[in-house]
Protein chains: 4
Amino acid sequence: MVEQKIKTRQVPSMRACLLQISCLMKSRNEALQHVARFFGEFFGTAILVYVGCLGCAHSSSISNSAFQNSFAFGLAVLIAIQSFGCVSGAHINPTVTLASLVYEQITWFMAIYYVVAQILGGLIGYGLLVASLPKEMMTNELTPRGACVTFVSDKLPFWQGFIIEFLITAVLICVCCGIWDQRNAELKDSIPIRFGLTIACIALAGSQYTGASMNPARSLAPAVWNNYWEHHWIYWVAPLVSSLITSVAYKYSFRSKPESEGKVNTSQP
Amino acid sequence: MVEQKIKTRQVPSMRACLLQISCLMKSRNEALQHVARFFGEFFGTAILVYVGCLGCAHSSSISNSAFQNSFAFGLAVLIAIQSFGCVSGAHINPTVTLASLVYEQITWFMAIYYVVAQILGGLIGYGLLVASLPKEMMTNELTPRGACVTFVSDKLPFWQGFIIEFLITAVLICVCCGIWDQRNAELKDSIPIRFGLTIACIALAGSQYTGASMNPARSLAPAVWNNYWEHHWIYWVAPLVSSLITSVAYKYSFRSKPESEGKVNTSQP
Amino acid sequence: MVEQKIKTRQVPSMRACLLQISCLMKSRNEALQHVARFFGEFFGTAILVYVGCLGCAHSSSISNSAFQNSFAFGLAVLIAIQSFGCVSGAHINPTVTLASLVYEQITWFMAIYYVVAQILGGLIGYGLLVASLPKEMMTNELTPRGACVTFVSDKLPFWQGFIIEFLITAVLICVCCGIWDQRNAELKDSIPIRFGLTIACIALAGSQYTGASMNPARSLAPAVWNNYWEHHWIYWVAPLVSSLITSVAYKYSFRSKPESEGKVNTSQP
Amino acid sequence: MVEQKIKTRQVPSMRACLLQISCLMKSRNEALQHVARFFGEFFGTAILVYVGCLGCAHSSSISNSAFQNSFAFGLAVLIAIQSFGCVSGAHINPTVTLASLVYEQITWFMAIYYVVAQILGGLIGYGLLVASLPKEMMTNELTPRGACVTFVSDKLPFWQGFIIEFLITAVLICVCCGIWDQRNAELKDSIPIRFGLTIACIALAGSQYTGASMNPARSLAPAVWNNYWEHHWIYWVAPLVSSLITSVAYKYSFRSKPESEGKVNTSQP
């Protein structure tokens with residue numbers, strides 16, 4: 001009885017206190033979640049760059065065909081999505097984050113946060129590659145620009161490299177929009193495989209012309225480490241502009257509307 | 001009160017008006033859906049032709065084996081289905097549209113609509129390829145007919161090319177009928193992968209004999225752009241006839257009947 | 001009223017009649033189902049042999065590596081399962097039918113029925129291959145025994161070929177038993193892919209030693225058409241004995257028991 | 001009535017007896033389950049080593065590229081998981097068992113049990129390989145150390161081999177933690193494929209440097225049979241330390257908390 005009384009008397013202040021604690025913990029939890037997401041993108045992009053580029057490095061003693069490289073990069077995306085998709089969504093690509101922003105899935109603040117994580121993750125991923133391989137495997141007569149650097153093939157004028165990066169990024173963003181579409185909301189099981197094979201396919205198609213980057217964070221890392229900047233702007237402008245245009249176009253042409261929209265209520269007042 | 005009264009008085013006309021609007025919007029929504037479907041097929045086929053053919057183009061400096069080409073084309077189908085399957089079903093192939101018509105999934109009107117979209121999409125997709133690659137990569141001593149043109153290998157008489165296109169299209173349509181079967185209705189998650197690997201397999205088997213087209217819209221685009229028409233009729237007649245025969249045969253032999261059919265009601269009157 | 005009366009009077013005989021019709025139709029439906037299953041196995045095996053062997057045929061002008069062949073055969077299994085899995089289960093292999101019999105999923109009668117369909121389907125599938133390719137592509141200096149004939153490599157003594165066929169069939173049957181296990185009953189979506197990649201993997205491992213047949217129906221067809229019988233018994237004895245032993249062993253060691261079994265009811269009488 | 005009476009009288013002793021039997025059977029069932037799990041790991045690892053190494057063995061007459069080997073090993077993991085995942089979870093790798101221990105999914109006792117099964121399974125799997133292939137295919141000028149032995153490429157200093165094994169094992173464990181995460185609990189259908197392609201990708205990336213083992217049980221077997229021990233410690237220390245660090249880090253940074261945790265109950269007393 002006494003305990004009960006005390007409790008009852010304490011309730012107003014206690015409740016306020018609990019609410020405050022709950023509020024603090026909630027914001028602390030949210031902050032922790034933000035940090036987790038940051039590191040999800042960070043490690044996801046690091047895995048993409050480390051595993052993908054390790055599979056691309058070649059020298060006179062290590063043979064890697066374009067076919068092999070394409071699967072190495074594509075399936076590295078599978079790995080990154082499987083590992084950190086549940087943490088941060090595993091965009092691991094600023095163009096995907098931009099499309100996600102257009103789709104209003106994340107805030108401006110989070111988008112910047114994600115892109116910073118992706119860029120840092122890519123740089124660290126390539127740094128781990130530098131630590132893993134001897135110097136002559138990173139830069140040699142077969143890869144004079146440095147392992148895994150994306151560049152426009154000298155068989156193409158640079159503007160065709162721009163067109164290719166633009167179009168293949170548009171294809172990638174179409175796949176993202178398809179996966180994000182409400183009509184596919186239940187079909188989540190094989191997403192890492194579908195994404196991985198998508199990247200493998202686009203890399204098969206485009207890697208011999210431009211490296212099939214579609215990803216500024218992935219292109220920046222080897223450019224910084226090898227200090228190779230020729231036509232580097234293409235790997236930022238083409239994918240980002242393409243992502244913006246494609247995601248806006250898909251959103252307003254194809255995206256399934258929420259069910260309530262477009263109905264006229266004819267029920268009697 | 002006054003508002004309420006006015007409302008009540010306006011109801012008859014308002015309701016009629018609302019119904020009319022709703023009706024108009026419904027038909028407008030349906031029309032928009034039709035347009036969306038058209039562009040779904042259009043962009044889907046454009047992606048198929050652009051990505052698939054980019055992965056097939058080869059020259060003295062760009063090496064692409066038949067193995068690689070098969071996966072490029074197969075996984076391009078994965079991409080098209082993942083991107084626009086939720087919009088239009090992503091037939092991206094007149095033979096699939098024909099089988100779908102046999103299965104009464106679409107109307108005659110929609111089928112024609114789809115095929116037009118597929119043909120235009122293929123033409124635009126190949127046009128983007130022409131814009132993406134220098135001329136000597138499109139036509140050279142290795143691909144004298146033009147990149148990605150389907151032709152019957154000169155090791156075969158043309159009628160064996162016809163047989164191969166006929167049989168591999170039958171295989172493709174069997175896969176479609178299997179996927180459309182009611183007994184598989186719940187198994188939708190990995191459809192893009194299953195379809196993509198199906199095409200990759202058939203291309204592995206047949207691409208060195210006939211190009212493994214199975215798709216008039218895909219074959220027409222490079223034929224038009226390169227003005228190459230030898231045995232082109234095979235890529236229309238063989239797939240379409242095969243699709244018609246296979247889908248009718250599967251429908252009447254193997255398709256699961258709706259549950260009510262075939263039951264005799266013995267309940268007492 | 002009159003009608004009603006007549007009906008009521010007719011009921012006894014009508015009901016008997018209806019029951020008889022229903023019974024007849026039921027047995028007719030069952031018979032039709034049996035025929036459908038027969039043709040499911042028939043066409044499934046025909047697809048396996050036609051597509052798989054078309055992907056294996058090579059000559060001086062058509063290059064097909066062991067890597068490529070493995071994927072052609074593996075993914076042909078994907079196609080057969082996707083096409084006819086819903087019709088007959090798509091065993092397309094007598095060893096799988098034998099394991100299915102051990103698992104009491106089909107009757108002795110049906111098992112024989114299935115094996116006959118598989119053998120005939122394989123023969124027809126290879127016949128279509130003969131119709132599709134010129135003679136010099138079927139038998140040439142690179143494939144002197146005939147395209148797609150399974151034989152023990154002359155680098156191995158025949159008994160090691162026996163061991164390899166025995167062990168790889170055991171692996172295949174383990175995969176079947178895993179897929180059939182009750183604990184995996186809900187995981188059906190990607191079965192065709194999982195099976196296809198399983199066969200691709202085993203073919204990658206064993207095709208250069210014994211052809212990695214694991215399937216008497218698949219091995220019989222090219223043997224008959226090319227009249228090549230050296231060590232042919234291995235492709236019957238090794239897979240079938242292996243399937244029997246493996247399926248019995250898996251059934252009694254690993255198979256999940258139905259839930260009721262093994263419980264002692266301690267509820268009070 | 002008489003029967004009923006007898007039953008009622010017997011109940012006390014009978015119930016005790018039944019409970020005892022049930023208890024005995026339960027512990028017997030549990031013991032049987034433990035034995036089944038042991039053999040699940042045993043056969044799973046045997047399949048991994050047998051199929052993977054059969055796909056890797058090469059000689060002057062059998063060609064196997066690094067690309068091919070990677071898929072053979074990756075898809076052998078698919079096979080092992082599909083076959084015995086429902087029995088024991090199909091760790092088939094001591095580093096996965098260690099991560100599972102960190103995640104408190106198995107007890108210390110079971111973990112040791114699993115690792116013993118994996119080591120024995122690997123030894124038997126390689127033994128079957130020795131029985132399957134002639135001696136000159138196991139050890140020849142192309143594989144002087146013995147087929148499928150993992151060693152650090154002589155192009156690398158051994159400590160870079162250590163870094164690569166460390167990092168690629170970390171990637172593998174990230175994939176495990178992602179698959180084990182509660183947020184992915186429903187996505188089980190394509191796990192064997194996702195795991196198989198993960199291993200294929202990592203093998204594509206790393207197999208030419210260190211063999212991309214990530215698995216002491218897989219590395220031990222060929223080392224024992226060929227008596228080759230140079231840098232063998234790397235294949236124990238790097239994967240196990242990496243697994244411990246990665247799984248602890250993922251668990252405390254990214255793992256989704258059970259839903260009740262972190263909530264403050266503000267409901268009125």
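Proteins get letters first, then strands, A, B, ... in listed order; numbering begins at 1 in each. In this text, all values refer to a predicted model and were calculated from it rather than measured experimentally.
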Exercise for the section: Report, as yes or no, whether the 6.0 Å neighbourhood of atom CD on A:Glu141 holds more than 12 heavy atoms from other residues, nucleotides or ligands. Expected result: yes
Relative to chain A, which segment of [X] carries a heavy atom at a distance below 4.5 Å: side chain, backbone, both, or neither?
| X | value |
| --- | --- |
| D:Tyr250 | side chain |
| D:Asp181 | side chain |
| D:Phe71 | side chain |

I need the [X] [atom1] to [Y] [atom2] distance, nearest 0.5 Å.
| X | Y | atom1 | atom2 | answer |
| --- | --- | --- | --- | --- |
| D:Ser256 | A:Gln33 | OG | CD | 9.5 Å |
| A:Ser132 | D:Trp159 | OG | CH2 | 9.0 Å |
| D:Ile202 | A:Leu54 | CD1 | CG | 10.0 Å |
| A:Gln68 | D:Gln208 | CD | CD | 6.0 Å |
| A:Leu187 | D:Leu187 | CG | CG | 11.0 Å |

Handout entry: Among the listed options D:Val175, D:Ile168, D:Ile163, the residue most often paired with chain A at heavy-atom distances under 4.5 Å
Key = D:Val175
Using non-hydrogen atoms and a 4.5 Å limit, figure out which bit of [X] sits close to chain D: side chain, backbone, both or neither.
| X | answer |
| --- | --- |
| A:Pro192 | side chain |
| A:Phe67 | both |
| A:Ile191 | neither |
| A:Phe39 | both |

For residues 145-157 of chain D, tabulate all N or O donor-acceptor pairs below 3.5 Å that involve a side-chain atom, not counting sequence neighbours.
from	atom 1	to	atom 2	distance (Å)
D:Arg145	NE	D:Tyr228	OH	2.9
D:Thr150	OG1	D:Ser219	OG	2.8
D:Ser153	OG	D:Lys155	N	3.1

Practice task
Please step through side-chain contact (heavy atoms from CB on, under 4.5 Å) for the pair A:Tyr50 and D:Ile164, ending with a clear verdict.
Solution key: CA-CA 10 Å; A:Tyr50 180 73; D:Ile164 290 176; 3.9 Å; yes
Fill in the blank from the handout: In terms of heavy-atom pairs under 4.5 Å with chain D, the winner among A:Ser65, A:Pro134, A:Cys53, A:Gly196 is A:Pro134
Fill in the blank from the handout: Comparing A:Ile193, A:Ile47, A:Leu133 against chain D, the one with the most heavy-atom pairs below 4.5 Å turns out to be A:Leu133
Handout entry: Within residues 75-88 of chain A, residues adjacent to chain D where the heavy-atom gap is under 4.5 Å
Key = A:Leu75, A:Ala76, A:Leu78, A:Ile79, A:Gln82, A:Ser83, A:Phe84, A:Cys86, A:Val87
Handout entry: N/O donor-acceptor pair under 3.5 Å between D:Asp189 side chain and A:Asp189 backbone
Key = no
